[in-house]
Amino acid sequence: MERRVAERLRGALGPLGLEAHAFKVGWYNAVLQPAFHLPYPDDTLAFVVLSTPSMFDKALKPFVNKERLKIIRDPVDQCVSHHLSRVKEKFPDQRVDLMFDYEMLPSRKPKFLAQTAAHVAGAAYYYQRKDVKLDPWGKKKIFGVCIHPRYGGWFAIRGLLLFPDIQVPFLEQPAPVDCVSTEEKRIELLEQFNFHWQDGRYRDIIEVKEKYSEEQKAYFATPPAERFRLLGLSQEAQ
């Protein structure tokens, strides 16, 4: 069942520059405090959805051109929401729940922890402070970051698709690719991400197969309120 669902998702999302990676809710809940658990049985089938560098040209720009007058919030969020909502229609006999990376609970906690989901699904390795043996940071707060084996840091985690009526007790958990395997490189990665994230060097911690275009880099480097102009949208659309 999982394979059929995965193939259907690949067919729908691949041409948009999106990837879907399967996991069991129990894998995710097992590594988090109860306050962050997803409220589903452990064997429930879920998919974490990533946007790859090609999403900008394959999905975002066509979406903006078509829906120009309907864009009232962040174009990327609205584009992903639109396409994942359409994916639900491909499963008319299944309940499909959607969660997006920008959604918050009433408690102001995120609905899900995106990087944890990507790690347990084997999609990208979530490098954290605990992955460094000789910690050089003392009392500084150090945030972790996911690195994709193909795209390095040139990707984003956009949402979850959950299938509450599909239980997959025998699904095998894939390990994420440990592509930043030396202590020195992990320290460099976390240093760059925490203290120099604006320059984006952490994204190239490994040799990548594909990265954002110059146009896409300029878009994401622009303050959100000014991105509408880059896409040819009027300020009124905002």
Side-chain angles (χ1 to χ4, degrees), residues 1-52 54-55 59 80-81 83-103 105 109-128 130-131 144-153 155-181 206 209:
M1 187 62 171
E2 175 271 329
R3 196 164 293 155
R4 283 207 304 275
V5 173
E7 283 172 4
R8 204 177 296 180
L9 287 177
R10 267 195 292 276
L13 298 176
L16 300 168
L18 299 170
E19 291 182 354
H21 297 263
F23 69 98
K24 288 202 300 188
V25 165
W27 302 345
Y28 174 91
N29 287 349
V31 297
L32 292 171
Q33 300 292 327
F36 292 103
H37 285 186
L38 295 171
Y40 300 86
D42 281 353
D43 288 335
T44 303
L45 178 63
F47 290 83
V48 62
V49 178
L50 314 180
S51 62
T52 74
S54 66
M55 186 274 283
V80 172
S81 172
H83 285 299
L84 293 191
S85 297
R86 289 191 66 182
V87 163
K88 279 180 71 168
E89 297 166 12
K90 298 190 178 293
F91 299 92
D93 302 326
Q94 298 290 347
R95 178 180 152 201
V96 184
D97 293 348
L98 289 176
M99 291 184 189
F100 298 102
D101 65 301
Y102 53 82
E103 289 185 300
L105 296 166
K109 286 191 178 82
K111 276 200 171 178
F112 74 100
L113 298 183
Q115 301 201 103
T116 300
H119 186 93
V120 300
Y125 200 108
Y126 184 23
Y127 291 97
Q128 301 176 73
K130 64 183 176 61
D131 294 308
V145 60
C146 271
I147 295 296
H148 190 287
R150 181 177 174 82
Y151 309 117
F155 78 104
I157 303 156
R158 299 295 180 186
L160 297 186
L161 290 157
L162 297 120
F163 292 80
D165 300 329
I166 302 179
Q167 302 297 300
V168 284
F170 302 112
L171 189 64
E172 291 188 16
Q173 185 170 10
V177 178
D178 181 5
C179 48
V180 188
S181 54
I206 62 168
K209 303 284 192 295

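Note that the coordinates shown come from a computational prediction; the quantities given were computed from them, not determined experimentally.
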Do the side-chain N and O atoms of Asn29 and Tyr40 include a donor-acceptor pair separated by under 3.5 angstrom? no
Arg3 side, atom CZ; Arg10 side, atom CZ - distance, nearest 0.5 Å: 9.5 Å
A side-chain contact here means heavy atoms from C-beta on lying under 4.5 Å apart; do Phe112 and Leu38 qualify? yes
One should read off an interatomic distance between Arg158 CZ and Ser81 OG, to the nearest 0.5 angstrom, of 12.5 Å
Do the non-hydrogen side-chain atoms of Ile166 and Glu2 ever get within less than 4.5 Å of each other? no
Donor-acceptor pair, distance only, cut-off 3.5 Å: does the side chain of Tyr127 make one with the backbone of Val180? yes
Can you give me the closest heavy-atom contact between Cys179 and Ile147, atom names plus distance? SG-CG2, 3.6 Å
Taking Ala121's backbone N and O only, do any of them form a donor-acceptor pair with Gln173's side chain (distance below 3.5 Å, no angle check)? no
Under 3.5 Å donor-acceptor, Gln115 side chain and Gly144 backbone: yes
Between Leu50 and Ile157, is there a side-chain heavy-atom distance shorter than 4.5 Å? yes
Leu45 and Ala22: which non-hydrogen atoms are nearest, and at how many Å? CD1-CB, 4.2 Å
Under 3.5 Å, is there a donor-acceptor pair between the Thr44 and Gln167 side chains? yes
Once rounded to the nearest 0.5 Å, what's the spacing between atom OH of Tyr151 and atom SG of Cys146? 15.0 Å
Taking all atoms of both residues into account, what is the closest heavy-atom pair of Arg150 and His148, and its distance? N-ND1, 2.9 Å
Does Pro39 offer a backbone N or O that forms a donor-acceptor pair with the side chain of His37 under 3.5 Å? no
Main-chain N/O of Tyr126 paired with His119 side-chain donor or acceptor, under 3.5 Å: yes
Please check this pair: side chain of Lys111 against backbone of Leu105, looking for a donor-acceptor N/O pair closer than 3.5 Å. no
Sidechain N-carboxylate O distance under 4.0 Å for Lys24, Asp43: yes
Distance from His83 atom NE2 to Leu16 atom CG, nearest 0.5 Å? 5.0 Å
Using atom types as modelled and distance alone, determine if a side-chain donor or acceptor of Arg8 lies under 3.5 Å from a backbone N or O of Lys90. yes
Which atom of Leu161 lies closest to which atom of Val96, heavy atoms considered: CD2-CG1, 3.9 Å
Going by the angle between their ring planes, with limits at 30° and 60°, are Tyr28 and Phe23 parallel, tilted or perpendicular? tilted
Say you draw a straight line from CZ of Phe155 to CE of Met55; how long is it, rounded to the nearest 0.5 Å? 12.5 Å
Test your reading of the model: is there a side-chain donor-acceptor pair from Gln94 to the backbone of Phe91, 3.5 Å cut-off? no
Atom CG of Leu160 and atom CG of Asp97: how far apart are they, to the nearest 0.5 Å? 10.5 Å
So, Ser51 side chain and Leu18 main chain: donor-acceptor pair closer than 3.5 Å or not? no
Can you give me the closest heavy-atom contact between Ala20 and Leu13, atom names plus distance? CB-CD1, 3.9 Å
Please give me the minimum heavy-atom distance between Leu171 and Trp27, naming the atom from each residue. O-CZ2, 3.4 Å
